[in-house]
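Here's the structure we're looking at; comments come further down.
All values below were derived from every heavy atom in this structure, side-chain atoms included, with hydrogens, water molecules and symmetry-related copies excluded.
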Amino acid sequence: MKVKAHNLIGQKKLFIHTHPRMWMFFASLMLVAITLLCVKPEFAKGVSESLPIKEANASNAPGTTAETPNWVKTDVLTAQQKEEHSKLDELKQKQRVASWISKRYKIANKASNLFVTTAYKTAFDIGLDPHLILAVMAIESRFNPYAESSMGAQGLMQVMAKVHADKFEDHGGVQYALDPVVNIKVGSRILKEYVRQTGSVERALKTYVGAAQMSHDNGYGNKVIGEYKMLKAVASGSKISTLAQAKTTDKRSARQRKVINPSSLSTQERKEQRIHDNPALL
């Protein structure tokens, strides 16, 4: 065996010495091939893809199938599932809240669904909590879309249409103040502006009821916040009695309420001052 190997090595050496040009040709060819592989990786990729070995190895690799999903596609599907789950959860919240409002305020389910759906959509559009919008409606009008106070506050959110006429321009004008959808959109926008101006929900509610320059708001803010907490709990699935009532200390009717220190208010503030004509403040 050693003699045979020695003879083979000797033959290779003899070939190199007797055929130097052939040896140099093969050496140059190898050098060019190595250079191409290093400089142009796509060349190597093309060569590897052209070989049948890759396909055979891929088909025989353990734990793999031809329909193995790409991780990016899997991630997209997960995002879609999360979005669908979120929409389903929101739908359940709306159903709970609408049903509770319908029973508590004795209004038709269809009307309740409309008010809740509009409040949720409007809240999403302007960046406000939908339950806060619904709470304001509850205290302002008890979800009576045709409610109107002696001072001219109208609709579900008791909007002063004449004072905020500019905000109705995108909705056809003040003649649509009693339209439930329009009233919710305009009232919510006003409330959102007050939140931004005052920096808190409590002060925004005080301004909304027309008591910005007064020492107190006759408990209006507490009533709204109390209703808001119940609506929030209902939306989350908690069982809240439809007979639950927010605490109130003012027993006078809305028509008997008087403005505190009206002389201290400016003309614009007097316009903003509203005496609410709704049983929820009793």
Closest contact, heavy atoms only, [X] versus [Y]:
| X | Y | answer |
| --- | --- | --- |
| Gly155 | Ser141 | O-CB, 3.6 Å |
| Leu205 | Tyr220 | O-CE2, 3.5 Å |
| Ile133 | Ala123 | CD1-CB, 3.9 Å |
| Ala177 | Asn183 | O-ND2, 2.6 Å |
| Ser102 | Ala108 | OG-C, 4.0 Å |
| Phe168 | Val174 | CB-N, 3.8 Å |

Do side-chain atoms of Ser238 reach the backbone of Val234 as a donor and acceptor pair under 3.5 angstrom?
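Side chain of Ser238 to backbone of Val234, a donor-acceptor pair under 3.5 Å: no, none is there.
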Is there a donor-acceptor pair closer than 3.5 Å between any side-chain N or O of Trp100 and the backbone N or O of Ile240?
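Judged by distance alone, yes, a pair lies under 3.5 Å.
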How long is the gap from CG on Leu134 to CZ on Phe115, to the nearest 0.5 Å?
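It is 10.0 Å, given to the nearest 0.5 Å.
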To the nearest 0.5 Å, what is the distance between CD1 (Ile139) and CD (Gln158)?
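Taking CD1 in Ile139 and CD in Gln158, the distance rounds to 12.0 Å.
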With sequence neighbours excluded, tell me which residues meet side chain to side chain donor-acceptor pair (under 3.5 Å) with Lys94.
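Side chain to side chain donor-acceptor pair (under 3.5 Å) check on Lys94 returns Glu90.
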Taking side chain to side chain donor-acceptor pair (under 3.5 Å) as the test, write out the residues that go with Tyr228, two or more places apart.
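Counting only residues at least two positions away or on another chain, Tyr228 forms a side chain to side chain donor-acceptor pair (under 3.5 Å) with Asp129.
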Between Tyr194 and His164, how do the two ring planes meet: parallel, tilted or perpendicular, split at 30° and 60°?
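Perpendicular: the ring planes of Tyr194 and His164 meet at over 60°.
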Parallel, tilted or perpendicular: which one describes the rings of His131 and Tyr120, with boundaries at 30° and 60°?
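Rings of His131 and Tyr120: perpendicular, over 60°.
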Stepwise side chain to side chain contact (heavy atoms under 4.5 Å, CB included) check, Leu114 with Lys110:
CA-CA 6 Å; Leu114 174 63; Lys110 187 174 181 179; over 6 Å; no
Can Arg104 and Glu227 be counted as an ion pair, charged N to O under 4.0 angstrom?
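Salt bridge: yes.
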Name of the residue among Lys106, Lys103, Met230 meeting side-chain contact (heavy atoms from CB on, under 4.5 Å) with Thr242
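Going through the options one by one, the only one that passes is Lys103.
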Indicate every side-chain donor-acceptor pair of residues 186-193 with a distance under 3.5 Å to a residue at least two apart or in another chain.
residue : atom : partner : partner atom : Å
Ser188  : OG   : Ile184  : O            : 2.7
Lys192  : NZ   : Gly127  : O            : 3.0

